[in-house]
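Step one of this worksheet: look at the structure below.
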Amino acid sequence: MKKACKYCGGVHDRNYVCDRKPYTVCKKYYQKRNSREDKFRSSYDWQQKRKYILKRDRYLCQACLNNLCGTVRQLTSEGLSVHHIIPLKNNFELKLSDENLITLCSMHHELAEKGKIPAEQLLDIVPPTS
């Protein structure tokens, strides 16, 4: 017996699972999120390095501090995350390198991820390790 599919508008067998069904999309998303990079982000080593970088950067967005594009206020300490300047997927060996990590607010992190803030510019403002 066939029935109309509410996800794609087509007609399928009753037991057919449509590719557009949200569960299927979630399953694909989960598989994608289970990558080597995502496993690393939940590791103890990353959690410790993340804390160290936040402390090194004095819990301030370094892009705001250096007045990079889109800066609203210079001392931003909310919505912070540690950003891999050279992405993990491009060079996994730099995953814990202090020179490749920088603290950014959510706005600058998004701009950096989209490539609107060049990696070279971020590499120039990474604070020295003490």
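Note that the structure is predicted; figures quoted are calculated from it, not measured.
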message: Are the side chains of V82 and L54 in contact, using a 4.5 Å heavy-atom criterion?
response: yes
query: Quick one: CG on N66 to NE2 on H108, what's the gap to the nearest 0.5 Å?
result: 10.0 Å
- request: List the atom of R58, the atom of L65, and the distance in Å for their closest heavy-atom pair.
  value: NH2-CD2, 3.4 Å
- prompt: Does the side chain of K116 come within less than 4.5 Å of C69's, by heavy atoms?
  reply: no
query: Can you name the nearest heavy-atom pair linking A119 to I85, along with the distance?
result: O-CG2, 3.5 Å
query: Which distance, rounded to the nearest 0.5 Å, do you find between the CZ of R73 and the SG of C105?
result: 9.5 Å
query: Between I53 and L88, is there a shared hydrophobic cluster once you connect ILVMFWY residues whose side-chain heavy atoms come closer than 4.5 Å?
result: yes
field: Gap between atom CG of L75 and atom OG1 of T71 - 0.5 Å precision
entry: 11.0 Å
Ion pair K114/E110, N-O distance below 4.0 Å: yes
task: From the options L111, L122, L104, select the one residue that forms a side-chain contact (heavy atoms from CB on, under 4.5 Å) with L68.
output: L122
message: If you compare all heavy atoms of H12 against all heavy atoms of C5, which two are closest, and at what distance to 0.1 Å?
response: CD2-CB, 3.3 Å
message: Let me confirm one number: the CD-CG distance from E93 to N100, rounded to the nearest 0.5 Å.
response: 12.0 Å
query: Got R14 and K2 here, is their nearest side-chain heavy-atom distance under 4.5 Å?
result: no
- prompt: Atom CG of L80 and atom CD of E78: how far apart are they, to the nearest 0.5 Å?
  reply: 8.5 Å
message: Is there a side-chain contact between K49 and L101 in this structure, where contact means two heavy atoms from C-beta onward sitting under 4.5 Å apart?
response: yes
- prompt: Any idea which heavy atoms bring G70 and M107 closest together, and the distance?
  reply: O-CE, 2.8 Å
- prompt: Is there side-chain contact between R56 and V126, with heavy atoms separated by less than 4.5 Å?
  reply: yes
- prompt: Between the side chain of Q47 and the main-chain N/O of R41, is any donor-acceptor distance below 3.5 Å?
  reply: yes
task: Taking the side chain as every heavy atom from C-beta outward, state whether T103 and L60 have any pair of such atoms under 4.5 Å apart.
output: no
task: Check whether I117 and L123 end up in the same hydrophobic cluster, where Ile, Leu, Val, Met, Phe, Trp and Tyr are linked by side-chain heavy atoms less than 4.5 Å apart.
output: yes
- prompt: NZ of K51 to OH of Y59: how many Å apart, nearest 0.5 Å?
  reply: 9.0 Å
- request: Look at the rings of H83 and H109 and say which category their plane angle falls in: under 30° parallel, 30 to 60° tilted, over 60° perpendicular.
  value: perpendicular
K95 with D45: basic N within carboxylate O range, under 4.0 Å: no
- prompt: Going through the checks in order, is the side-chain contact (heavy atoms from CB on, under 4.5 Å) test met by L96 and F40?
  reply: CA-CA 10 Å; L96 295 173; F40 164 71; 3.6 Å; yes
